[in-house]
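Here's the structure, in structure tokens; my notes come after.
Throughout, a chain's letter reflects where its sequence line sits, starting with A, and its residues are numbered from 1. Here the structure is a predicted model, which means the values were calculated and not measured.
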2 protein chains.
Amino acid sequence: MTRDTRQRRAIRSVFDDADGPLGPQEVLDRAQRDVPGIGLATVYRTIKLMVEDQELNPVELPGEPARYEPAERGHSHHHFFKCDACGRVYEMQGCVSNPSSLAPDGFRVSRHEIVLYGTCANCA
Amino acid sequence: MTRDTRQRRAIRSVFDDADGPLGPQEVLDRAQRDVPGIGLATVYRTIKLMVEDQELNPVELPGEPARYEPAERGHSHHHFFKCDACGRVYEMQGCVSNPSSLAPDGFRVSRHEIVLYGTCANCA
DNA sequence: ATTCGTGCAAAGACTTTGCATAAAT
DNA sequence: ATTTATGCAAAGTCTTTGCACGAAT
């Protein structure tokens, strides 16, 4: 079904080399070093396949287009920090005590997202 | 600077009557009952002005276009619950203990967002 | 040879903007 | 009369899709 092509291998290696989640355009820019003719549509299609194959996890921050990261990094429960200064997104391990307690009675919570904003160690 | 027109009054009343945050298209649909000729561009422009005037707060959930709610409701710190079944967004008062503790050393946290997903009381 | 992926361009969802007209002051 | 908002359509961003061509089996 899903073939492992030159393009897909290049995209995989872009994610493996990345230091944080990447958006499609960033992936394209980096993948073009390996496969000059690659197009944006291929990046979108390949990312979608890799998400279906659980090879990538989407990282969706409020008000921003989706980024993606390799699934290994996403296996343990974690959240994200976005630096208001440099815009970089950092992954944070761990979680707060019991976020589900926020929900009113009768609401069943199956998952949650937490995003922190501020200034990262590099920008401080 | 900002004039209070028929359209803007209609949009304000749509938000005041709403039971949760609304997106621009929903606002348009409801405002057209009052002001039949109103256009989507006016809704977008008016929402932007009302956000600048602190009359509305944006409600941005991961991977979804922005919704908005009257600022009074947004004055106390709160978060949101999105029902996976009906898609409705609920506001939750309160917050978890200390979300900032998730951030690594050297990171300064200025704000955070928490979104819960699951099944609401109506759908359960 | 057949199947599936790619590149390009067209189209789709959401949002912003330019411009002539209309409304508010 | 002057200023500012409106409506429409065009354009902009991000993403998906149709289709002919190319690559992999």
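For the pair Gln25(A) and dT15(D), the criterion of a side-chain N or O lying under 4.0 Å from OP1 or OP2 is not met.
Proximity of residues 32-41 of chain B to DNA chain D (heavy atom under 4.0 angstrom from any strand atom) is restricted to Gly37(B), Ile38(B), Gly39(B), Ala41(B).
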B/S/- contact track for nucleotides 20-25 of chain D, protein heavy atom under 4.0 Å:
----B-
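With His79(B) as reference, His112(B) is the one residue of Glu91(B), Gln93(B), His112(B) to meet the side-chain hydrogen bond (donor to acceptor under 3.5 Å, both in side chains) rule.
Contacts of Tyr117(B) classified as ring pair (Phe, Tyr, Trp, His ring centres under 6.0 Å), with partners at least two apart in sequence or in another chain: none. Partners of Tyr90(A) according to the side-chain hydrogen bond (donor to acceptor under 3.5 Å, both in side chains) rule, which considers only residues two or more places apart in sequence or in another chain, are Asn122(A). Under the rule for a side-chain hydrogen bond (donor to acceptor under 3.5 Å, both in side chains), Gln32(A) has no partner lying at least two apart in sequence or in another chain. Remark: Arg67(A) pairs with Pro21(A), Val59(A), Leu61(A), Glu64(A), Lys82(A), Val89(A) by the side chain to side chain contact (heavy atoms under 4.5 Å, CB included) rule, at least two apart or across chains. Taking the salt bridge (Lys or Arg N to Asp or Glu O under 4.0 Å) definition, one finds that Arg111(B) meets it with Asp84(A), sequence neighbours left out. Residues satisfying the side chain to side chain contact (heavy atoms under 4.5 Å, CB included) criterion with Ala66(A), sequence neighbours excluded, are Glu60(A), Tyr68(A). Scanning for side chain to side chain contact (heavy atoms under 4.5 Å, CB included) contacts around Pro65(A) gives an empty result, with sequence neighbours left out.
Atom CZ in Arg45(A) sits about 10 Å away from atom C1' in dC19(D), given to the nearest Å. For the pair Glu52(B) CD and dT16(C) P, the interatomic distance rounds to 11 Å; values are reported in whole Å. Between Leu49(A) atom CG and dT6(C) atom C1' the separation is 12 Å, expressed in whole Å. The nearest whole Å value for the distance from the CZ atom in Arg67(A) to the P atom in dT15(D) is 11 Å. Protein atom CD of Glu64(B) is 15 Å distant from nucleotide atom P of dT15(D), rounded to whole Å.
Comparing dG7(C), dT16(D), dT15(C) against the side chain of Lys48(A) picks out dT16(D) as the nearest. Closest to the Tyr44(B) side chain, of the nucleotides dT6(C), dT15(C), dT17(C), is dT15(C).
Listed by first and then second residue, the salt bridge (charged side-chain N to carboxylate O under 4.0 Å, His left out) pairs that reach into residues 7-20 of chain A are Asp4(A)-Arg12(A), Arg8(A)-Asp53(A), Arg8(A)-Glu55(A), Arg12(A)-Glu55(A), Asp19(A)-Arg88(A), sequence neighbours excluded.
End-to-end axis angle for the helix from dA1(C)-dT25(D) to dT25(C)-dA1(D), using five pairs per end and rounding to 10°, comes out at 10°.
Connectivity analysis of hydrophobic side chains (ILVMFWY, heavy atoms under 4.5 Å, direct or indirect) links Leu49(B) to nothing; its cluster partners are none.
With the nearest nucleotide of DNA chain C identified for both Pro24(B) and Gln7(B), Pro24(B) has the one nearer the 5' end.
Side-chain atoms of Ser101(A) come within 3.5 Å of backbone N or O of Asn98(A) as a donor-acceptor pair.
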